[in-house]
Enquirer: 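Below you'll find the structure I mean.
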There are 2 protein chains.
Amino acid sequence: MVTIREVAERAGVSLGTVSRVLNNHPSVRPAVRAKVNVAIQDLGYVPNPAAQSLRSARTRTIGLIVPDLLSSMTVELVRGVEDAVRPLGYALLVAESRFDPAHEAIHITNLLDRRVDGLLISPLESVSAVERAVTPSGIPTVLIQLRQPRRELPSAFVDEGPAIRSAVAELVAAGHRRVAFVHSAARVAGGRHRRELFRGTMAEHGITEGDELDGVFSDAEGCRRLVIELLRRPNRPTALVVGVHQFVPAALRAIREAGLEVGRDLSVIAFGDSEWARSMSPALSAIFVDQREHAEGAVDLLMRVMSGDRSGPMSIRSESVFIRRESCQPPRVEVAA
Amino acid sequence: MVTIREVAERAGVSLGTVSRVLNNHPSVRPAVRAKVNVAIQDLGYVPNPAAQSLRSARTRTIGLIVPDLLSSMTVELVRGVEDAVRPLGYALLVAESRFDPAHEAIHITNLLDRRVDGLLISPLESVSAVERAVTPSGIPTVLIQLRQPRRELPSAFVDEGPAIRSAVAELVAAGHRRVAFVHSAARVAGGRHRRELFRGTMAEHGITEGDELDGVFSDAEGCRRLVIELLRRPNRPTALVVGVHQFVPAALRAIREAGLEVGRDLSVIAFGDSEWARSMSPALSAIFVDQREHAEGAVDLLMRVMSGDRSGPMSIRSESVFIRRESCQPPRVEVAA
DNA sequence: CTGAAAGCGCTAACAG
DNA sequence: CTGTTAGCGCTTTCAG
């Protein structure tokens, strides 16, 4: 392996100078800098990251923990982070907590042990567990994909108020009154919060019924069973909101198994969007977040924290939007309360 | 940060001994080993990976390049690799080539520069480009998700012959003769190969027409346009095979836009499977690979190569299966040739 | 079986 | 502006 020493010899300078060139230290004469660069080129020299890390105590690596890569929104978030971080010279270590707090804890430990320079975490239900795991290490951490900012740690959050308001307005205007809201049981920060926001907004429209139509599940099969059960009730809902995108397929399957048709028999709105949701027939209405933008904001914030800059705000906000598609229709039959 | 030296002092032994305990070197007396472990626990010592790497010239990291994380099969592959590699003490660096050879090249360079101990690559069209990029470094590399083994580099491949044979048998038995095959233009190794295998198998059943129904595209929009065009022909196909899973939504949208209904008007088979494909209505027939198994095989092979063991076979085979679902039906109208 | 010692390749402080 | 030097924390001989 070619080392800095060989580059120095070839360029006829000392190690220190080569190092300075490598790190863009200003105090190198252009002529010398050029000479060194030529030597680097000729030799095909690439710095040894382990040596750099050992010496500088920085790994130029940042860790990212997401709940689940099986959602296209998460993948877009990962890409957004990757694209934001790479130009800054950082590599990205991605880990999936898979909706399991134990996994989440393990990944946090792993990433800390690997001495990442910064950490981006989309936490599961317990923010305080994350905080406790992360704080002692002192490694800069930013929470992402929250629904509201947290004081414990710097955070990037998505305000879903506006999107939920337009979704509800849409449903109510179309004549829906019995709307079910299903989400996964306390596994992703935000499920419950979304539901509360949704019910609150419904109440603003004078619709207070429906609480009994809400439900939580813990996996795809649970989601399917829950939705089937809801749809078989004598007074079934005319619209369904699915709080977690990953479980939309399960919900759709349940609707089909209940003998109903999306749009015609039951309006559907999903949190999150995907190529599949857009392309299915009928296309699915969605509450959508620009993950790329969210990612950029989060990385900005993380970089600020990493540089020790505590002057700006310690949270950053994105907004989600409601996209109406064919899956939202007026209810066929007005069901009396 | 607590170092090995402090552990040594606390345990009353020398650095070397602590290191030996860390690396499970057999020649440490159990009593001493226990003493050291206690000290490690007490101090909460975690080895510095940079120092370990620098000294041992191994990073305990393996790189994985996949074309695209927006496919659930790829995610399953990533998980399979992750789960296979973690118990062996390796971390995984995942990179997406995003169907772009330039990205692929950059990621290869990046990972090599980061001194990964091994590389797993699901190559795009040019295996030889990958070989050229990887070989000079001498870093053990295994190609994955191929359709046939390669001599240039150790490889894990999926034999799609059996699955394609049962898919074709199914289609032909149902009465289909005009079957279109669309795949993405030379972007993923295997597209063309799949088509050839498919056409060859059709020919074995005496069906030689249909070549003019095949097409390639380069993105979702291209796929949509291609499928619409195919379906508007006077003598349109009665079945459609989509060679790349990611583009299934685009194809479905095209079918809808052409005013046709999956199953009833047009049978559809997709390469690859996903929760969405299973749950849509009608459910999509699929050619499916156990990515987990594929991943395990690939990791096994990589570990063999990394250990310098050249005795076993340098390729490993998985098999895909055909899963018939509702999207395959007999054609409604027999179209005369 | 264990201790001592020599670096791995690089950065940063200090001279000059 | 550039050279010299002292380690960063660890693994791995080599003695004992």
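Letters A, B, ... are given to chains in the order of the sequence lines, protein chains preceding strands, and every chain is numbered from 1.
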Enquirer: Figure out the CG/P separation between B:L22 and D:dT12, and round it to whole Å.
Expert: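 Computing the B:L22:CG to D:dT12:P distance gives 12 Å.
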
Enquirer: How long is the line joining CG of B:L15 and C1' of D:dA15, in whole Å?
Expert: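 It is 16 Å, rounded to the nearest whole Å.
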
Enquirer: Return the nearest nucleotide to the side chain of A:T17; candidates are D:dT2, D:dT13, D:dC10.
Expert: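 Selected nucleotide: D:dT2.
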
Enquirer: Can you check whether any acceptor in the base of C:dG9 is under 3.5 Å from a donor in the side chain of A:R55, or vice versa?
Expert: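 No pair found.
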
Enquirer: In whole angstrom, what separates A:L43's CG from C:dG9's C1'?
Expert: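 So the CG-C1' distance, A:L43 to C:dG9, works out to 15 Å.
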
Enquirer: Looking at A:R10 and A:E6, is there a salt bridge between them, counting it only when a charged N and a carboxylate O are closer than 4.0 Å?
Expert: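 No, this pair does not count.
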
Enquirer: Can you tell me which nucleotide in C:dC14, C:dC10, C:dT11 comes closest to the side chain of A:N23?
Expert: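 That would be C:dT11.
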
Enquirer: Roughly how far, to the nearest 0.5 Å, is CG of A:L64 from CG of A:L77?
Expert: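 CG of A:L64 is found 6.0 Å from CG of A:L77.
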
Enquirer: Which is more 5' along DNA chain C, the nucleotide nearest B:V28 or the one nearest B:L54? Just name the residue.
Expert: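 Looking at DNA chain C, the more 5' nearest nucleotide goes with B:V28.
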
Enquirer: Taking only the side-chain heavy atoms of A:Q52 (C-beta and beyond), determine which of C:dC10, D:dG9, C:dC1 contains the nearest atom.
Expert: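 Closest of the options to the side chain of A:Q52: C:dC10.
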
Enquirer: The side chain of B:R29 is closest to which nucleotide in this list: C:dC10, C:dC1, D:dG9?
Expert: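 Among C:dC10, C:dC1, D:dG9, the one nearest the side chain of B:R29 is C:dC1.
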
Enquirer: Could you tell me the separation between the CD1 atom of A:I4 and the P atom of D:dG3, rounded to a whole number of Å?
Expert: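 Between P of D:dG3 and CD1 of A:I4: 12 Å.
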
Enquirer: Can you check whether A:A129's main-chain N or O pairs, donor with acceptor, with A:S126's side chain at less than 3.5 Å?
Expert: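 Pair found, side chain donor or acceptor close to backbone of A:A129.
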
Enquirer: Over all strands shown, is A:T3 touching base, sugar-phosphate only, or nothing at heavy-atom distances under 4.0 angstrom?
Expert: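 It contacts sugar-phosphate atoms only.
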
Enquirer: Remember a base hit wins even if backbone is also touched, and classify A:V18 as base, sugar-phosphate or nothing at under 4.0 Å, heavy atoms.
Expert: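 Contact class for A:V18: none.
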
Enquirer: Over how many whole Å does the gap from A:H25 atom NE2 to D:dC1 atom P extend?
Expert: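 Nearest whole value for this atom pair: 10 Å.
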
Enquirer: Any idea which of C:dG9, C:dG7, C:dT11 is nearest the A:S56 side chain?
Expert: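 From the listed options, C:dT11 comes nearest.
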
Enquirer: Is there a salt bridge (charged side-chain N to carboxylate O under 4.0 Å, His left out) between A:R292 and A:E76 once you walk through the steps?
Expert: CA-CA 6 Å; A:R292 192 150 213 102; A:E76 271 151 30; over 6 Å; no

Enquirer: Would you mind telling me which residue lines up with the more 5' stretch of DNA chain C, B:R115 or B:P26, judged by nearest nucleotide?
Expert: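 Final value for this comparison: B:P26.
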
Enquirer: In whole angstroms, how far is the P atom of C:dG9 from the CG atom of B:D113?
Expert: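 After rounding, the reported distance stands at 16 Å.
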
Enquirer: Between CD1 of B:I144 and CD of B:Q291, what distance do you get to the nearest 0.5 Å?
Expert: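 Reported value, rounded in 0.5 Å steps: 8.5 Å.
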
Enquirer: Is any side-chain nitrogen or oxygen of B:S27 closer than 4.0 Å to OP1 or OP2 of C:dC1?
Expert: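 It does not, given that no N or O in the side chain of B:S27 lies less than 4.0 Å from OP1 or OP2 of C:dC1.
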
Enquirer: Provide, to the nearest angstrom, the distance between the CD1 atom belonging to B:I40 and the P atom belonging to D:dC10.
Expert: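 So the two atoms are 10 Å apart, to the nearest Å.
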
Enquirer: Which of these nucleotides, D:dC10, C:dC10, C:dT2, is closest to any side-chain atom of A:N48?
Expert: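 So the nucleotide nearest the side chain must be C:dC10.
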
Enquirer: What nucleotide among C:dA4, C:dT11, D:dG9 has an atom nearest to a side-chain atom of B:R20?
Expert: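 Closest of the options to the side chain of B:R20: C:dA4.
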
Enquirer: Any heavy-atom pair between the side chains of B:I121 and B:I108 that's under 4.5 Å?
Expert: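 Yes. Closest side-chain heavy atoms under 4.5 Å.
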
Enquirer: Roughly how many Å is it from CE in B:M1 to P in D:dC10, rounded to a whole number?
Expert: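 Going from CE in B:M1 over to P in D:dC10 covers 7 Å.
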
